[in-house]
Amino acid sequence: MTISQQHIDAEVSTLRAAYEKTLAGGGPVAHHPRRDYAPYRSSVLRHPQQPLVAVEISGDPEAVELTGPVFGPADVSELDGDLTRRHTGEPLGERITVSGRLLDGRGRPVRGQLIELWQANASGRYAHRRDQHPAPLDPNFTGVGRVLTSPTDGSYSFTTIKPGAYPWRNHENAWRPAHIHFSLFGTAFTQRLITQMYFPGDPLFAYDPILHSVTDDAARARLVATYDHALSSPEFSLGYRWDIVLDGPSATWIEEGR
């Protein structure tokens with residue numbers, strides 16, 4: 001049976017009402033979504049169903065790869081943070097700058113950390129063999145970049161192209177709002193965290209079950225960047241500001257267990 005947008009909307013509304021009832025009864029704020037959020041169909045099929053297993057690494061000569069620093073300043077160049085200068089020609093689309101700070105739960109900067117991003121191009125297509133929907137690829141845009149946060153204030157900055165919306169097969173006529181995926185590393189791959197950033201005023205917000213899996217309104221709003229005219233460059237790019245908070249009551253949603 002084909003699942004309609006109306007069916008998804010009804011499921012989202014039911015879960016939202018249940019959450020608001022829990023809050024009204026003195027329940028805790030849910031900063032992160034359920035791992036088996038039914039309107040996001042694949043989460044039900046692939047979320048972890050068993051407790052995490054602690055791995056004993058003592059005596060393993062390769063264990064240093066799990067505990068030692070993985071990246072350093074020499075591994076990341078200035079060009080890595082500018083996705084518009086990675087090819088011989090100019091990419092198509094609206095050029096943007098995305099900047100912000102990586103912070104801990106007390107608002108302190110998290111310095112020298114690797115941030116990676118990946119995204120669709122201006123037509124809403126990823127440069128990946130599994131993305132076969134009929135939107136054009138851009139030979140001058142592959143949609144990946146990385147930077148290290150500032151050693152002084154934990155800031156980061158990317159220059160890229162605003163991604164387009166794209167269809168996905170969660171339900172009939174399902175479209176994802178424009179977004180950018182962010183990956184955050186600590187000192188090892190085992191500390192990797194992943195989240196998404198959205199753009200203000202997107203009309204697809206109301207229809208996206210992935211975004212609405214973050215049931216709490218305030219937590220969901222923290223995933224949306226703010227247009228910042230001071231970050232815009234004359235005749236070059238529009239600027240968006242988006243801070244990433246790792247923990248605490250203002251934490252940015254992290255895709256735990258997905």
Side-chain angles (χ1 to χ4, degrees), residues 76-87 89-124 138 140-166 175-184 195-208 210-211 214 216-246 248-253:
V76 181
S77 72
E78 180 182 353
L79 188 62
D80 289 332
D82 189 342
L83 284 68
T84 68
R85 295 193 295 145
R86 308 290 288 280
H87 301 279
E90 289 281 342
L92 298 174
E94 177 185 319
R95 193 184 290 109
I96 61 173
T97 298
V98 178
S99 299
R101 299 176 69 201
L102 181 62
L103 305 169
D104 67 14
R106 298 182 181 179
R108 299 173 299 192
V110 183
R111 306 174 179 91
Q113 300 300 296
L114 181 73
I115 298 181
E116 296 180 335
L117 66 73
W118 69 96
Q119 62 170 94
N121 64 20
S123 298
D138 186 342
N140 294 311
F141 189 79
T142 46
V144 293
R146 60 180 186 167
V147 297
L148 289 171
T149 58
S150 166
T152 57
D153 64 356
S155 63
Y156 74 90
S157 186
F158 287 97
T159 300
T160 184
I161 296 296
K162 186 175 181 180
Y166 60 80
W175 288 82
R176 294 240 49 219
H179 61 279
I180 296 177
H181 299 267
F182 279 74
S183 172
L184 315 168
T195 186
Q196 298 180 18
M197 186 205 86
Y198 297 84
F199 294 87
D202 195 312
L204 290 173
F205 284 167
Y207 306 100
D208 183 39
I210 292 182
L211 182 59
V214 186
D216 187 76
D217 292 339
R220 190 168 58 255
R222 291 195 291 270
L223 296 177
V224 182
T226 301
Y227 173 72
D228 189 334
H229 201 64
L231 289 176
S232 297
S233 298
E235 301 181 31
F236 183 76
S237 69
L238 294 179
Y240 292 90
R241 183 171 299 280
W242 192 57
D243 291 341
I244 305 170
V245 181
L246 294 179
S250 298
T252 303
W253 168 57

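In this chain, residues are counted from 1 in sequence order. Bear in mind the structure is a predicted one, so any value in this text is a computation, not a measurement.
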Distance-only polar pair, side chains of Ser150 and Thr152, donor-acceptor under 3.5 Å:
yes
With Arg222 via salt bridge (charged side-chain N to carboxylate O under 4.0 Å, His left out) - residues at least two apart
none
Closer than 3.5 angstrom, by distance alone: can the side chain of Asp243 be matched with the main-chain N or O of Leu103 as a donor-acceptor pair?
no
Please check this pair: side chain of Thr149 against backbone of Tyr156, looking for a donor-acceptor N/O pair closer than 3.5 Å.
no
Pairwise salt bridge (Lys or Arg N to Asp or Glu O under 4.0 Å) hits with a residue in residues 99-109, at least two apart
Asp104-Arg108
Minimal heavy-atom distance between Pro91 and Thr84, with the atoms involved, is CD-O, 3.6 Å
Spell out, as yes or no, whether a donor-acceptor pair under 3.5 Å connects the side chain of Asp138 to the backbone of Leu92.
yes
Can you list every pair that meets salt bridge (Lys or Arg N to Asp or Glu O under 4.0 Å) and has a residue in residues 226-235, with sequence neighbours left out?
Asp228-Arg241
On a heavy-atom basis, the closest approach of Tyr240 and Pro200 is CE2-CD, 3.8 Å
For Gly239, does its backbone N or O pair with a side-chain atom of Ser99 as donor and acceptor, under 3.5 Å?
no
Asn140 CG to Arg86 CZ distance, which is reported to the nearest 0.5 Å
12.5 Å
Any idea which heavy atoms bring Ser232 and Tyr227 closest together, and the distance?
OG-OH, 3.0 Å
From His181 NE2 over to Leu117 CG, what is the distance, rounded to the nearest 0.5 angstrom?
10.0 Å
Short side-chain to backbone donor-acceptor contact, Arg176 and Ile210, under 3.5 Å:
no
Sidechain-backbone polar pair: Asp80 side chain, Ser77 backbone, donor-acceptor under 3.5 Å
yes
Using 30° and 60° as the class limits, which term best fits the ring planes of Tyr198 and His179: parallel, tilted or perpendicular?
tilted
Between Pro163 and Ala120, the two heavy atoms sitting closest are CB-O, 3.4 Å
Glu116 and Val144, any side-chain heavy atoms less than 4.5 Å apart:
no
Do Thr97 and Ser237 have side-chain atoms, one donor and one acceptor, less than 3.5 Å apart?
yes
Which heavy atom in Met197 sits nearest to a heavy atom in Ala225, and how many Å separate them?
SD-CB, 3.8 Å
Supply the atom-to-atom distance Leu184 CG to Ile244 CD1, rounded to the nearest 0.5 angstrom.
5.0 Å
Residues Leu211, Arg220; criterion side-chain contact (heavy atoms from CB on, under 4.5 Å); working and verdict
CA-CA 7 Å; Leu211 182 59; Arg220 190 168 58 255; 3.6 Å; yes
Could you check whether any side-chain heavy atom of Ile96 comes within less than 4.5 Å of a side-chain heavy atom of Thr160, counting everything from C-beta outward?
yes
Which atom names give the shortest non-hydrogen contact between Ala178 and Phe199, and what distance separates them?
O-CD1, 3.7 Å
Apply the test side-chain contact (heavy atoms from CB on, under 4.5 Å) to residues Phe182 and Leu102: give CA-CA distance (whole Å), side-chain angles for both, the deciding distance (0.1 Å), then the verdict.
CA-CA 12 Å; Phe182 279 74; Leu102 181 62; over 6 Å; no
One pair to check against side-chain contact (heavy atoms from CB on, under 4.5 Å): Ile180 and Phe158. What are the steps and the verdict?
CA-CA 11 Å; Ile180 296 177; Phe158 287 97; over 6 Å; no
Run Thr159 and Arg95 through side-chain contact (heavy atoms from CB on, under 4.5 Å) and show every step you take.
CA-CA 7 Å; Thr159 300; Arg95 193 184 290 109; 4.2 Å; yes
Short side-chain to backbone donor-acceptor contact, Gln119 and Ile161, under 3.5 Å:
yes
